[in-house]
Amino acid sequence: MRTRPGRFTVLAAALLVATAALPAAAADGQGRQHPSSRPSAGGLSAVIRYTEYGVPHILAKDYTNLGFGTGWAQAADQVCTLADGFVTVRGERSRYFGPDGTPDGSLSSATGNLSSDLYFRGVREAGTVEKLLARPAPSGPSRQVGDLMRGWAAGYNAWLARNRVTDPACRGAAWVRPVTRVDVAARTFALAVLGGQGRAVDGITGARPPATTATRASERAPTSTTHPSGAPSSSIPSAVASPARAGVSARSFARAAREAFDGADMGSNAVAFSGAATRNGRGLLLGNPHYPWQGGRRFWQSQQTIPGELDVSGGSLLGSVTMSIGYNARVAWSHTVATGVTLNLHQLTLDPADPTTYLVDGVPERMTRRSVTVGVKDGTPVTRTQWWTRYGPVVTSLGAQLPLPWTTTTAYALNDPNASNLRTSDTSLGFSRARSTAGMLTVLKTTQGLPWVNTIAADSGGHSLFTQSQVLPRITGELARRCSTPLGEVTYPASGVAVLDGSRGDCALGSDRDAVQPGIFGPGRMPVLRDAPYAENSNDSAWLANADRPVTGYERVFGTIGTARSVRTRGAIDDVSSMVAKGGLTERDLLAQQFTDRAPVGDLVADDAARACAALPGRRATGGDGRPVDVSGACRVLGAWDHTMNTGSRGALFFDRFWRRLTALVPAAQLWKVPFSAADPVHTPNTLDTGAPGFAAALADTVTELRTAGIALDSPLGDHQFVVRGGRRIPVPGGTESLGVWNKVEPVWDPAGGGYTEVTTGSSYIQAVGWDGGPCPVARTLLTYSQSSNPNSPHSSDQTRLFSGGRWVTSRFCEKDILSSPGLRVVRVGERR
């Protein structure tokens with residue numbers, strides 16, 4: 001590809017400086033250079049400079065070569081996790097791991113390998129990803145992103161060809177194979193549809209029409225749009241079946257949908273401060289995404305540099321060719337999982353003679369059959385049929401609690417606009433090159449590629465930004481009122497899940513003039529907050545991104561307005577508004593906020609609980625088994641607890657276990673004496689109702705649980721909340737979602753193993769970024785679970801130990817900082833030796 005004049009000169013100078021500045025041992029990597037790290041004799045190549053904690057700084061002359069270096073470096077750290085994901089998106093899990101195995105959940109909701117394979121194999125055989133790749137930008141990916149994907153695949157393949165896999169998770173495995181650009185793009189596609197088709201994989205692949213003479217015949221007949229009965233359209237019923245006839249309870253479905261779409265399985269916090277709140281008038285950003293600690297949705301940290309073109313540091317989701325969250329010399333950004341519902345349903349009216357034919361304006365349309373065959377380990381290949389409509393696939397559930405029965409009169413089709421979205425990488429690349437928050441808004445306007453996240457950003461000019469710029473189905477209040485089915489009339493207000501009448505052509509989603517694709521909202525409809533002293537989000541809707549400047553006027557599909565916020569949101573707003581009131585903020589305030597580990601629920605509950613405990617007759621309570629328990633020790637522990645989830649905090653573990661039990665026993669509406677008020681959303685509800693049934697039982701059962709496990713009621717949290725790496729315990733700070741802790745972790749309870757012995761999700765790639773007027777950003781980062789999942793890597797737990805102690809990695813963004821790293825190691829990688 002062409003490059004700007006002088007870029008090769010800049011690149012050559014950078015490489016010369018990098019090599020000349022190294023001691024002899026560093027220039028050879030670790031004393032002796034592996035053959036694959038010698039300068040390339042031709043083909044793609046890059047230079048990778050590793051600094052402390054295994055962070056690679058990838059230097060290349062253009063996007064294809066940058067992709068090459070990125071693919072190589074990701075493979076070096078995460079080859080097994082990456083290879084497992086490529087098996088998934090190729091639809092080959094059953095072939096290698098058996099049909100009854102379980103995917104890790106990182107790329108879809110499929111509960112079994114067979115279901116996963118049927119979906120992803122169907123995507124592959126339909127050519128879905130190839131068609132999206134072929135679209136011209138901005139509808140499809142740009143040339144630069146295409147080059148990155150092509151280079152990434154080549155770099156990954158070159159690493160495989162030149163290196164021996166040492167990770168026991170895939171050492172010697174036949175499923176670790178070279179990849180193509182389509183494989184790389186398919187992984188991006190899978191991430192884009194996580195909130196839509198990816199949420200409904202079991203319901204798509206398991207959809208079966210009710211058995212009738214017509215459906216048995218249709219299994220043999222070719223696809224046709226002719227009505228099989230030959231009946232005139234006027235003789236075919238057009239009314240939408242009621243939820244009762246479809247076997248769906250509207251109330252229970254709406255309740256389950258609200259719980260399913262609340263985003264609690266993933267989350268994040270992020271706050272941007274404008275210059276009005278900082279000491280030097282420049283912006284500050286603290287990003288704290290909560291993502292899985294294992295599997296294919298981990299972050300990986302790096303810096304990508306094309307001299308004169310691109311220079312960005314941050315964290316990428318594995319397999320991504322661009323920076324998912326990051327910063328450059330002028331701007332920093334993070335994401336939080338948004339409340340926007342990225343799918344909707346169309347309730348179909350079926351021909352009673354053939355449930356694979358549906359009616360639109362009285363005209364029959366035959367569903368499209370997609371027969372998909374999946375190879376099975378030690379077994380016969382499995383063939384299943386998927387059914388597709390003009391709206392998308394027929395789906396029979398959105399999860400175990402959200403059934404959507406396919407009857408002789410009714411079926412449901414799922415619309416996922418992100419199934420036409422392969423623009424995410426262009427949005428991220430645009431952010432990487434942006435020079436301001438205004439520039440980021442321009443990127444969002446032109447690419448419209450973010451499927452399920454908010455964006456929070458700050459820049460060196462002192463600007464702050466919050467925006468919920470998502471790819472969402474264009475469900476307006478007017479459309480929902482006019483076209484909701486009886487089921488949708490209940491589900492849409494309650495959960496944002498629209499169920500539209502698929503039998504009416506006038507219920508199509510329509511288009512906004514500024515939208516890059518039909519059926520989605522254009523950028524002019526997105527909730528945006530500019531230049532507020534703070535802009536914060538903790539996975540609630542846009543409404544209270546700043547409590548003093550509420551954001552309103554957006555459609556219900558984006559989220560709610562004027563409803564109760566999570567305790568984590570309330571605690572975060574308390575914290576950041578107090579920081580703004582103090583003023584004069586610096587990067588050090590961001591570092592302190594991350595590891596304050598305050599439990600807002602503790603502030604609301606613990607003292608009242610201690611007093612109520614002490615007031616129990618004889619300080620005894622009856623447990624769930626009917627036995628009296630001495631809880632006097634619990635009263636003292638609750639009263640002495642400091643309301644934090646630091647590793648040294650005594651009483652934190654007891655309160656955590658008590659609160660989990662209490663909230664399981666007592667409905668949320670009965671927990672508080674003072675209910676929620678939209679006039680004071682940050683501080684209501686409040687005041688624990690200690691007289692609620694279940695309070696005393698929760699105390700008693702928590703005491704019994706910990707004593708049975710041999711755990712003292714006042715044990716320090718870190719003694720019983722830890723991960724084991726290399727045979728050593730590493731204490732883990734932070735707390736679960738229901739406690740409202742900024743530094744969120746979701747640990748696994750194993751009392752026989754000593755307490756919380758692993759973390760499933762939580763704080764992941766954390767960054768605190770500011771500017772001081774110089775050419776380099778002032779940044780600290782932390783990858784909580786470390787760079788590599790290979791237990792044999794020196795970087796499998798080094799940053800985890802930093803996380804345990806509340807310590808950070810100092811950013812090495814500028815060339816002088818990279819070259820001064822005491823652990824600097826330079827590797828030159830190329831396709832040819």
Side-chain angles (χ1 to χ4, degrees), residues 195-197 200 203 233-234 236-251 253-254 257-258 261 339-351 355 357-365 367 388-396 398 402 404-407 409-420 470-513 515 517-522 525 553-561:
Q197 290 182 13
S233 60
S234 60
I236 303 169
S238 59
V240 175
S242 71
R245 287 182 62 194
V248 178
S249 163
R251 288 183 181 275
F253 190 95
R258 185 171 59 247
F261 285 83
T339 54
V341 178
T342 59
L343 60 81
N344 70 278
L345 296 169
H346 294 266
Q347 189 167 323
L348 307 178
T349 298
L350 305 179
D351 171 13
T357 296
Y358 60 103
L359 309 177
V360 180
D361 295 332
V363 178
E365 290 188 18
M367 296 176 186
W388 290 70
T389 71
R390 64 160 65 182
Y391 306 111
V394 175
V395 60
T396 52
L398 295 179
L402 294 167
L404 295 163
W406 187 348
T407 71
T409 59
T410 303
Y412 297 86
L414 184 148
N415 171 53
D416 178 2
N418 283 293
S420 296
Q470 289 184 257
V471 175
L472 294 178
R474 190 180 172 277
I475 307 295
T476 64
E478 185 276 332
L479 179 66
R481 286 189 293 273
R482 182 166 52 84
C483 290
S484 289
T485 67
L487 178 60
E489 289 172 358
V490 179
T491 61
Y492 186 67
S495 67
V497 177
V499 186
L500 304 179
D501 186 347
S503 72
R504 292 168 51 190
D506 66 339
C507 291
L509 270 58
S511 296
D512 285 345
R513 294 183 63 182
Q517 75 180 62
I520 67 171
F521 287 104
R525 300 285 199 101
Y554 49 86
E555 300 285 356
R556 173 65 184 88
V557 70
F558 285 89
T560 58
I561 297 171

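Predicted model only: the values in this text are computed from it and were never measured.
When the side chain to side chain donor-acceptor pair (under 3.5 Å) test is applied to Glu555, no partner is found at least two apart in sequence or on another chain. Residues that satisfy the salt bridge (charged side-chain N to carboxylate O under 4.0 Å, His left out) test with Arg556, not counting sequence neighbours, are absent from this structure. Residues forming a ring-ring contact (aromatic ring centres under 6.0 Å, His included) with Phe521 (at least two apart in sequence, or on another chain): Phe558. Listed by chain and number, the residues in a side chain to side chain donor-acceptor pair (under 3.5 Å) with Thr560 are Thr563, Arg565 (sequence neighbours excluded). In terms of the salt bridge (charged side-chain N to carboxylate O under 4.0 Å, His left out) criterion, residue partners of Arg390 (sequence neighbours excluded) are, by chain and number, Glu365.
Not a single donor-acceptor pair under 3.5 Å links the side chain of Asn418 to the backbone N or O of Gly195. At least one donor-acceptor pair under 3.5 Å links the side chain of Asp416 to the backbone N or O of Gln197. Side chain of Gln517 to backbone of Pro417: a donor-acceptor contact under 3.5 angstrom is found. In this structure, the side chain of Thr396 engages the main chain of Gly203 through a donor-acceptor pair within 3.5 Å. Proximity of a side-chain donor or acceptor of Thr357 to a complementary backbone N or O of Pro364 within less than 3.5 Å is not detected.
Test Tyr391, Tyr358, Tyr412 against His346 for side chain to side chain contact (heavy atoms under 4.5 Å, CB included) and you get one pass: Tyr391. Among the candidates Val395, Leu404, Val394, the single residue satisfying the side chain to side chain contact (heavy atoms under 4.5 Å, CB included) test with Leu414 is Val395.
Here CG of Leu343 is found 4.5 Å from CZ of Phe261. Values are rounded to the nearest 0.5 Å. If you take CG on Asn415 and CG on Leu500, they are separated by 8.5 Å, rounding to the nearest 0.5 Å. From Ile475, atom CD1 reaches atom CG of Leu509 across 4.0 Å, with rounding to the nearest 0.5 Å. In this structure, CG in Asp501 is found 12.0 Å from CG in Leu487, a value given to the nearest 0.5 Å. For the atom pair CG of Asn344 and OH of Tyr492, the computed distance is 9.5 Å after rounding to the nearest 0.5 Å. Rounding to the nearest 0.5 Å places CG of Leu348 at 11.0 Å from OG1 of Thr409.
Heavy-atom minimum distance, Ser495 versus Ala254: CB-O, 4.1 Å. Minimum interatomic distance between Ala257 and Leu402 (heavy atoms only, all atoms of both residues): N-CD2, 3.4 Å. In plain terms, the two heavy atoms of Gly392 and Ala413 that are nearest each other are O-CB, 4.0 Å. A pairwise comparison of heavy atoms in Gly519 and Ser511 identifies N-OG, 3.6 Å as the closest pair. Smallest separation of non-hydrogen atoms from Thr349 and Ser503: OG1-CB, 3.8 Å.
Sequence neighbours left out, the pairs with a member in residues 482-500 that pass salt bridge (charged side-chain N to carboxylate O under 4.0 Å, His left out) are Glu478-Arg482, Arg482-Asp506.
With contacts defined as side-chain heavy-atom distances shorter than 4.5 Å, the pair Val557/Gln470 does not qualify.
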**OP:** Go through the steps for Leu479 and Arg474 under the test side-chain contact (heavy atoms from CB on, under 4.5 Å), then give the verdict.
**Re:** CA-CA 9 Å; Leu479 179 66; Arg474 190 180 172 277; 5.9 Å; no
